[in-house]
Structure formats: structure tokens, C-alpha cells
Amino acid sequence: MFDTLSDRLSAVFTSLRSKGRLTDADLDKSMREIRVALLEADVALPVVKAFTQSVKNRARGSEVHQALNPAQQVVKIVNEELIGILGGETRRLRYAKTPPTVILLAGLQGAGKTTLAGKLALWLRKQGHTPILVAADLQRPNAVQQLQVVGQRAGVEVFAPEPGSGVGDPVKVARDSIEFARRQQHDIVVVDTAGRLGIDADMMAQAVAIRDAVQPDEILFVVDAMVGQDAVNTAQAFKDGVGFDGVVLTKLDGDARGGAALSVRHITGEPIMFASSGEKLEDFDVFHPDRMASRILG
Ligand code: GDP
């Protein structure tokens, strides 16, 4: 992901470096090229505008004109502004004062929620926590079983409706899971909710009902970084519908243009907290805006 964007930006910087002193015309040309590169990488227009405006304001100021190496100074500004668009600081998970900490996962079907639940559980377990996974996705016939498989791989218990108990009520399952966690001394509850292929009023209402029943400490919106511009609309719909505290980007190992991933923080105002980059449970980490910016700028 981001390969084309990285190549384009690196071409802009190479051309700047060949110039020595930079005129305003040189800077304007570079800003136009950066703008086109971002738009072609699927970065949302308001984000491109905000980004290029800040870079331009700073690049025309004295920090570039007085620099010994003006091109290097522009690269530094682009790097800093990119980190800013990606959220600046890493936002850590907030744990409840009184356990269990409740984490609710929301997102479209196929976004990677169930896989993410397993990744998060393994990551938490490695840090000494005792999480459980909760199967509150009772929409898809094999969703419970899929979560059980993931839970087994992560080495954590899965709280699910009794087999043969019918479809079940996801709100009740979620509510009961908190009581179960308290009794069994699990300090974290990760609730997987049902997604649909697109934004859907029933899905949103169910997520809201589960949210109200479990009063999560963190609601994480899980989004597939491969889906392009649509990710931004989906994020906005979830923000308005259920609300969320943080974003998890999945499938960062894919070969999409990646601009949506760069837009979601700025558009929703909520931090990207985790990044998922593969099908294995270990392909998961806390999101670091500075590392992502370095990766893009090469
Ligand atoms: P859910 O419907 O949101 O629960 O999504 P799933 O967890 O079932 O994931 C949908 C598909 O995406 C599955 O085939 C996963 O193996 C795959 N997947 C999930 N996360 C990643 C990731 O980070 N990278 C890649 N390449 N595939 C992923």
C-alpha cells in the first residue's frame, strides 16, 4: 500500500533537491504535484486541501528560504504535516478504573472485525490481560463459529449463546458477557458486533442497542483500508450512527492506493489506534502516525 504515492512524492522531492535555492514558483509547482499525487492516491479532498494549505504556508515562510538545504526543509515540513493529518501522537487504549474494560467493535461486514477481535485479544493477553471475546454477531450463520476459531488461536475464551439455543439476542449476549467477565475475573471484554455489506439502519440500531447495554469504555470502528473513498463515507455514517472513540485500519498489507486510510482521522476527528496488516493474528500493532509517515515518505 502507498507505493505509488511514495514514488510520486519522492519524485517531487528529487526535483526540488536538484534546484538548490527554491523560488515561490518552484514551491507552487511542487505543491501542485503533491496535491495531484494525494488525490490520485484517493485521499479525500478536504484532507488534501488542509494538508497542502499548511505545507504551502510553511514552505513559503522563512524556515525554507533561510534554510541551508531548502529542499530538505520542505521534506521535513511534509513529514510533520503528514504526521499531523494522521493524528500526531499515538493514542493508547483507555482501561476502565474498575474492570472489566469493555471494547466494542463496529464496522461493515468483511472489514476484518472478527479477525481483529482475535488479534486484539492475543495482543492484550501478551500484555498480561485476561480478555474474553463476545459473539454478539448473530446475523451471519457461521460468525459465532468463526469467532470461536479465532479465540482458540488467540488462546482466549469466547462468550457465545448456548449451541442450539436458536438465533439469540445479541444485546442479551453482550449484557450477560459483562456479568460473566466480572464473575470469572476477566479484565477485558471485546464485543464483536454484526456488520452488513453496506450502511443499514437495522445494523446501526443493533450496534446502538448493544452499546447502550454494555456502556463500552472504547468503541473501535474497524475499516478496511482497501476500500478507497467509500471508507470515509462509512466512517462518517458510523460516527453519526453509533459514535466511536478510535479507528482500526485493516488490510494495510493490500495493494490499494491507501488514501482513505490517510483521510479517516482528519474527516472523523477520531484517532487511528491500531493497524492490522495480514491474516495472521500477529499481523497487528498499535498505530504510530510518525512511523506511517516515514513509510509513505520512504
Ligand atoms: P468481519 O466480517 O468484519 O468480521 O471480517 P473478517 O474478520 O471475517 O475478515 C474478512 C476477510 O478479511 C477474511 O478473509 C480475513 O482473513 C481477511 N482479513 C482480515 N484482516 C486482514 C488483514 O489485515 N489483511 C488481510 N490481507 N486480510 C485480512
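Just so you know, these numbers come straight off a predicted model, no measurement behind them. The analysis underlying the following values was restricted to heavy atoms, covering all of them including side chains, and did not include hydrogens, waters or symmetry mates. In listed order, ligands and their atoms are each counted from 1.
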Original post:
Once the angle between the rings of His129 and Tyr95 is folded into 0 to 90°, is it parallel (under 30°), tilted (30 to 60°) or perpendicular (over 60°)?
Top reply: parallel
Any idea which protein heavy atom is nearest [atom], and the distance to it?
atom                    : value
atom 3 (O) of ligand 1  : Lys113 N, 2.8 Å
atom 5 (O) of ligand 1  : Gly112 N, 3.0 Å
atom 4 (O) of ligand 1  : Thr114 OG1, 2.6 Å
atom 2 (O) of ligand 1  : Gly110 N, 2.7 Å
atom 15 (C) of ligand 1 : Thr115 OG1, 3.7 Å
atom 16 (O) of ligand 1 : Glu279 OE1, 2.7 Å

Within a distance under 4.0 Å of any heavy atom of [X], pick out the atoms of ligand 1 and give their elements.
X      : answer
Ser276 : 23 (O)
Gln109 : 2 (O)
Lys119 : 23 (O)
Gln146 : 6 (P), 7 (O), 8 (O)

Would [X] count as a contact of ligand 1 if the rule is a heavy atom under 4.0 Å away?
X      : answer
Ser277 : yes
Gly278 : yes
Gly107 : no
Leu108 : yes

Does the pair [X]/[Y] count as a salt bridge with the N-to-O cut at 4.0 Å?
X      : Y      : result
Glu33  : Arg8   : no
Asp245 : Arg94  : yes
Lys239 : Glu270 : yes
Lys76  : Glu80  : yes
Asp28  : Arg60  : yes

Original post:
Does ligand 1 have a heavy atom under 4.0 Å from the side chain of Asp253, from its backbone, from both, or from neither?
Top reply: side chain
Original post:
Does ligand 1 have a heavy atom under 4.0 Å from the side chain of Asp283, from its backbone, from both, or from neither?
Top reply: neither
Do [X] and [Y] pair up side chain to side chain, a donor and an acceptor below 3.5 Å, judged on atom types alone?
X      : Y      : answer
Ser10  : Asp7   : no
Asn69  : Gln73  : no
Lys119 : Ser276 : yes

Subject >> Distance flag for atom 21 (C) of ligand 1, protein heavy atom under 4.0 Å >> reply: yes
Subject >> Where at least one partner belongs to residues 183-194, residue pairs that pass salt bridge (Lys or Arg N to Asp or Glu O under 4.0 Å), sequence neighbours excluded >> reply: none
Subject >> Whether Glu218 side chain and Leu104 backbone form a donor-acceptor pair below 3.5 Å >> reply: no
**OP:** Start with the C-alpha distance between Asn57 and Ser54, add both sets of side-chain angles, then the distance that settles side-chain hydrogen bond (donor to acceptor under 3.5 Å, both in side chains), and finish with yes or no.
**Re:** CA-CA 5 Å; Asn57 288 346; Ser54 323; over 6 Å; no
**OP:** Check whether any N or O atom of Ala111, backbone or side chain, sits under 3.5 Å from an N or O atom of ligand 1, and answer yes or no.
**Re:** yes
Original post:
Heavy-atom distance to atom 12 (O) of ligand 1: which of Lys280, Met226, Lys251 wins?
Top reply: Lys251
